[in-house]
Amino acid sequence: MSIKLVFLGKLADLAGVSEREVDAPLDWGSLTEELDGALGDAVACGKIKVAVNGTVIPENSALAASDGDEVALLPPVSGG
Amino acid sequence: MSIKLVFLGKLADLAGVSEREVDAPLDWGSLTEELDGALGDAVACGKIKVAVNGTVIPENSALAASDGDEVALLPPVSGG
Amino acid sequence: MNDVRLLDSALVPEAALARFGQDHPAAGGIASFVGKVRPDDGVEALELSHYPPLTLPGMVALATQALARWPLDGLLIHHRVGIMQPGEPIVLVAAAARHRRDAFEAAEFAMDHLKSDAWFWKRELRAGTWHWIEPRAHDHADLKRWK
Amino acid sequence: MNDVRLLDSALVPEAALARFGQDHPAAGGIASFVGKVRPDDGVEALELSHYPPLTLPGMVALATQALARWPLDGLLIHHRVGIMQPGEPIVLVAAAARHRRDAFEAAEFAMDHLKSDAWFWKRELRAGTWHWIEPRAHDHADLKRWK
């Protein structure tokens with residue numbers, strides 16, 4: 001009954017790991033509760049996009065992940 | 001007392017040679033008289049530019065070449 | 001037709017271009033661009049990270065978009081990930097086409113999107129400390145050209 | 001800074017580009033273009049003739065113009081003369097710059113001028129007969145972009 005959270009870019013630094021298991025199910029509310037400190041702030045306020053199983057979802061608030069899903073947190077991509 | 005005439009592009013085909021000696025001095029009138037047949041027509045009517053000793057002259061009618069000069073007849077350059 | 005790759009070891013632009021040219025013998029022209037880690041600004045190293053489920057598929061989609069927009073014989077996109085030293089190539093884009101304007105435009109289109117609309121995160125090592133690179137307003141201006 | 005050449009034997013773009021890249025290690029990017037004899041239209045060979053007192057000096061002046069117009073680290077123009085077979089490279093242009101837009105623009109500027117405003121005369125061998133290539137209206141439209 002778990003979900004794999006993947007942290008990209010600076011979020012991996014803030015999380016201290018590049019991935020972590022969390023309990024299923026997961027929505028945007030439970031995700032932001034799960035992440036605390038600077039990581040939680042960055043995810044809540046930081047123009048993060050979310051991909052579920054390799055597909056970016058249109059609205060973070062529509063997150064609805066279940067057992068076995070991979071949820072990636074994608075900060076804005078770096079400039080050229 | 002001679003001038004080297006250089007024929008470029010299709011003018012070399014029409015002249016049958018890539019260069020020819022002609023008597024000095026040479027102006028635009030004596031040049032067009034000197035060249036006959038299809039070559040003469042191409043030079044007289046063909047948007048030809050003229051270089052004297054490696055410098056393109058602004059007006060063909062201003063041609064005034066003397067002994068030892070190199071006069072090049074330049075048809076329009078080919079497109080890409 | 002397209003040759004789109006993520007590379008985790010050295011990108012050798014000349015070798016890739018030579019192969020690309022052989023693969024498209026009928027193209028009248030090939031426009032290309034090589035982007036390198038600039039050996040200035042005190043940057044000691046650059047690290048690019050990616051997310052496999054998105055990054056390469058996004059690059060493939062970008063190539064498909066370019067091919068739909070310009071009459072190309074082929075498009076090549078090779079992009080590094082991992083740690084690179086100053087002077088090392090990061091990206092190679094090449095577009096083969098009958099007409100040079102199409103080749104140039106497709107290569108610029110691909111570069112503009114790779115630089116600001118592809119799933120890469122970069123950090124630079126400066127004075128022994130890693131710094132994440134943020135998005136730049138200028139990148140979005142570059143993308144607007146193609147809307 | 002600039003590397004401008006007329007070549008009467010094979011032009012090998014990859015080798016020239018590799019050297020150019022080494023010559024400009026500080027450039028963030030290199031945009032380049034290779035033009036080849038198209039292996040279609042029944043063309044069996046292409047011959048380019050030039051006039052030494054004008055052709056190379058004109059190419060050098062073109063490179064100088066590009067360098068005055070864009071902030072470039074360097075510009076390379078290599079152009080073939082003589083007889084070429086289908087598929088053979090005719091021209092290589094490469095521009096090294098800190099910013100990719102400058103590199104792309106300078107390379108296109110150089111190509112547009114080489115194609116229609118440089119002292120080259122071309123003829124094609126088709127079905128055993130040589131045909132001179134005339135100027136094209138389209139070329140002049142290409143040049144207008146840069147006025």
Side-chain angles (χ1 to χ4, degrees), chain C residues 11-22 24-41 43 46 73 85-112 114-116 136 138-139 141-142 145, chain D residues 11-22 24-41 43 46 73 85-112 114-116 136 138-139 141-142 145:
Chain C
L11 163 56
V12 184
E14 300 76 31
L17 280 175
R19 231 177 300 116
F20 186 66
Q22 287 161 12
H24 300 287
I30 294 178
S32 67
F33 184 83
V34 179
K36 297 188 283 187
V37 184
R38 279 194 214 111
D40 54 16
D41 304 333
V43 173
L46 179 73
D73 288 346
Q85 305 306 312
E88 266 195 90
I90 306 169
V91 59
L92 169 67
V93 161
R98 185 174 173 85
H99 298 292
R100 71 177 179 282
R101 189 77 60 222
D102 296 327
F104 271 114
E105 286 190 2
E108 272 201 273
F109 171 86
M111 278 307 306
D112 281 349
L114 285 169
K115 281 289 188 175
S116 54
R136 301 180 319 163
H138 192 262
D139 294 323
D142 286 346
R145 301 175 69 203
Chain D
L11 164 57
V12 184
E14 299 76 30
L17 280 175
R19 232 177 301 117
F20 186 67
Q22 285 161 11
H24 299 287
I30 293 178
S32 67
F33 183 82
V34 179
K36 296 189 285 186
V37 184
R38 279 192 213 112
D40 54 14
D41 304 332
V43 173
L46 178 73
D73 288 345
Q85 306 305 313
E88 267 194 89
I90 305 169
V91 59
L92 168 68
V93 160
R98 185 173 171 87
H99 298 292
R100 70 179 180 281
R101 189 78 61 222
D102 295 327
F104 271 114
E105 286 190 1
E108 272 202 273
F109 170 87
M111 278 306 306
D112 281 348
L114 286 170
K115 282 290 188 173
S116 55
R136 302 180 320 162
H138 193 263
D139 293 322
D142 285 347
R145 304 175 67 203

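Naming convention: chains lettered A, B, ... in sequence-line order (proteins, then strands); numbering from 1 in each chain.
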Handout entry: Closest-packed option against chain D by number of heavy-atom pairs under 4.5 Å, given C/Ser32, C/Gly28, C/Pro39
Key = C/Ser32
Completion exercise
With chain D, the option among C/Gly87, C/Gly35, C/Ala26 that has the most non-hydrogen atom pairs under 4.5 Å is C/Ala26
Practice task
Sort out for me which of C/Leu17, C/Val37, C/Asp142 touches chain D most, counting heavy-atom pairs under 4.5 Å.
Solution key: C/Asp142
Handout entry: Student check: side-chain heavy atoms of D/Leu46 and D/Lys36 closer than 4.5 Å
Key = no
Handout entry: C/Val91 and C/Met111, any side-chain heavy atoms less than 4.5 Å apart
Key = yes
Handout entry: Side-chain heavy-atom pair D/Asp112, C/Arg101 within 4.5 angstrom cut-off
Key = yes
Completion exercise
When the 4.5 angstrom heavy-atom criterion is applied to D/Arg19 and chain C, the contacting part is neither
Exercise for the section: Look at C/Glu108 together with D/Arg100 and state whether they make a salt bridge at an N to O cut-off of under 4.0 Å. Expected result: no
Practice task
Select one option (side chain, backbone, both, neither) describing which atoms of D/Ala27 are under 4.5 Å from chain C's heavy atoms.
Solution key: backbone
Handout entry: Aromatic ring pairing C/Phe104/D/Phe104, orientation class (parallel under 30°, perpendicular over 60°, tilted between)
Key = perpendicular
